[in-house]
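What follows is a single structure, written as structure tokens, with notes after it.
Ligands are counted one by one from 1 in listed order, and the atoms in each one are counted from 1 as well.
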Amino acid sequence: MSEAIHAATLTLDTHVDIKWPDPPDATQETDRCVDFPKMQRGGLKAVVFIAYTPQGPRDAAGHQAAADRAEAMLRHIRTRADGVARRFCATADELEAAHQAGALAVLSAVENGNAMGRDLARLKLWRDLGAIYLTLTHDGHNDLADAARPKPALGDGTAQHGGLSDLGRQAVAEMNRIGLIIDVSHAAKSSMMQAAELSRAPIVATHSCCRALCDHPRNLDDEQLDMLRAKGGLVQITALDAFLRPPGADGKSPATVADMVDHVDYAVRRIGVDHVGLSSDFDGGGGIPGWANAGETMNLTAELHRRGYGAREIDLLWSGNFRRLMRRVQGMEG
Ligand SMILES: [Zn+2]
């Protein structure tokens, strides 16, 4: 029964990193968690591949290097996406059409607004290259916003802007204008709450979990979850062990797929099934026993079904909610 649901569902993983530089050929079986053969095998129909840039020095040279890297990664993701039985998609309509045609769907996004430097025009360039979202920060404050995890090695204190900077506020307005989704994973609570208040469009945490179940700075507390619901947003629960269960005596977190679905259950009870989704953070630290790579994606659907989620709810969790959010954000352009 859960096999049939899984086969019919447009399963979308909203956060998957790629190796950079020198990405392997994803059309072949690789040593990465995600490649096209593993997606086929696991029934993972769609992924958002990430143009990630680590936080570095915030000077002109640092910003230029980050901008160049993000743009090169976006172009790579797009170029390598199109092929036999797979397509690059930048809208909800394209994503659904790919699924209807039986093709795998590849989407892209930028992680770390630092890659914008101080040039708001880069946001439109990324959207034109097909990116669907921008994660405002990574670990370490940038010129847009404070991060949930500062980087003392870069001179960070606990907070720099007290949330969003003036530039960050301008970026939020520009992202609304051009239909680029605002991702608040990695952002400090102050940044996240201010972005939710300011944005005309709903926002998303593309790879975070629930702080009530695991007190990790990357997770969202109840007030943040409530804010996401109030603004029509989403939390995409992710398969990263340290966000799912506190570490044991050995320093390792013993999280499994059951723990991940505990976080899904918690978020659904708190803010409703219309505001929750799923992601892996594969190849960026994610992967747990039972969902260690894209080839095992069926196990997550099976656990959801075992907990009582039916075909409709499983569709909402896997992509129905995210497709609705894409349409809201992309329909508010102009
Ligand atoms: Zn991340």
Side-chain angles (χ1 to χ4, degrees), residues 12-20 23 32-34 46-56 66-67 69-70 73-74 76-77 106-116 126 131-151 153-154 156 168 171 175 180-192 195 203-211 214 216-221 224 228 233-245 253 255 260 263 267 276-288 291-294 322 325:
L12 166 70
D13 180 342
T14 58
H15 200 88
V16 174
D17 279 288
I18 62 170
K19 183 170 181 283
W20 199 265
R32 310 289 289 173
C33 298
V34 181
V47 289
V48 184
F49 283 126
I50 305 303
Y52 156 72
T53 64
Q55 187 57 49
R69 172 175 155 138
M73 292 178 82
L74 287 179
H76 168 82
I77 293 164
V106 171
L107 300 91
S108 71
V110 177
E111 184 169 31
N112 195 352
N114 184 60
M116 190 192 88
W126 296 338
I132 59 163
Y133 69 74
L134 168 66
T135 313
L136 291 177
T137 71
H138 193 252
D139 295 337
H141 308 320
N142 63 26
D143 284 0
L144 274 54
D146 290 341
R149 286 191 292 196
K151 272 196 165 171
L154 292 173
D156 287 354
M175 289 168 73
L180 190 62
I181 298 166
I182 295 159
D183 175 21
V184 293
S185 283
H186 289 283
K189 180 177 178 179
S190 54
S191 306
M192 178 270 169
I203 66 169
V204 59
T206 64
H207 57 304
S208 294
C209 299
C210 303
R211 199 136 184 189
C214 181
H216 189 289
R218 277 278 285 101
N219 287 343
L220 305 179
D221 68 19
Q224 291 176 285
L228 285 177
L234 294 178
V235 57
Q236 302 286 112
I237 299 297
T238 203
L240 202 143
D241 52 10
F243 303 172
L244 292 169
R245 271 179 85 162
S253 169
M260 180 167 175
H263 281 253
V276 184
L278 305 165
S279 67
S280 66
D281 208 2
F282 280 148
D283 297 318
I288 50 180
W291 199 29
N293 63 63
F322 199 84
L325 181 127

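To the nearest 0.5 angstrom, Thr135 atom OG1 is 11.5 Å from Leu144 atom CG. To the nearest 0.5 Å, the span separating CG on Leu240 from CE on Met260 amounts to 10.0 Å.
Inter-residue side-chain proximity for Phe49 and Asp283 is flagged as unmet; no heavy-atom pair is nearer than 4.5 Å.
Among the atoms of His15, no N, O or S atom falls under 2.8 Å of the Zn ion (ligand 1). At least one N, O or S atom of Glu111 sits under 2.8 Å from the Zn ion (ligand 1). Residue contact annotation: His186 places an N/O/S atom under 2.8 Å from the Zn ion (ligand 1).
Relative ring orientation between His186 and His138 is described as tilted, the plane-to-plane angle lying within the 30° to 60° band.
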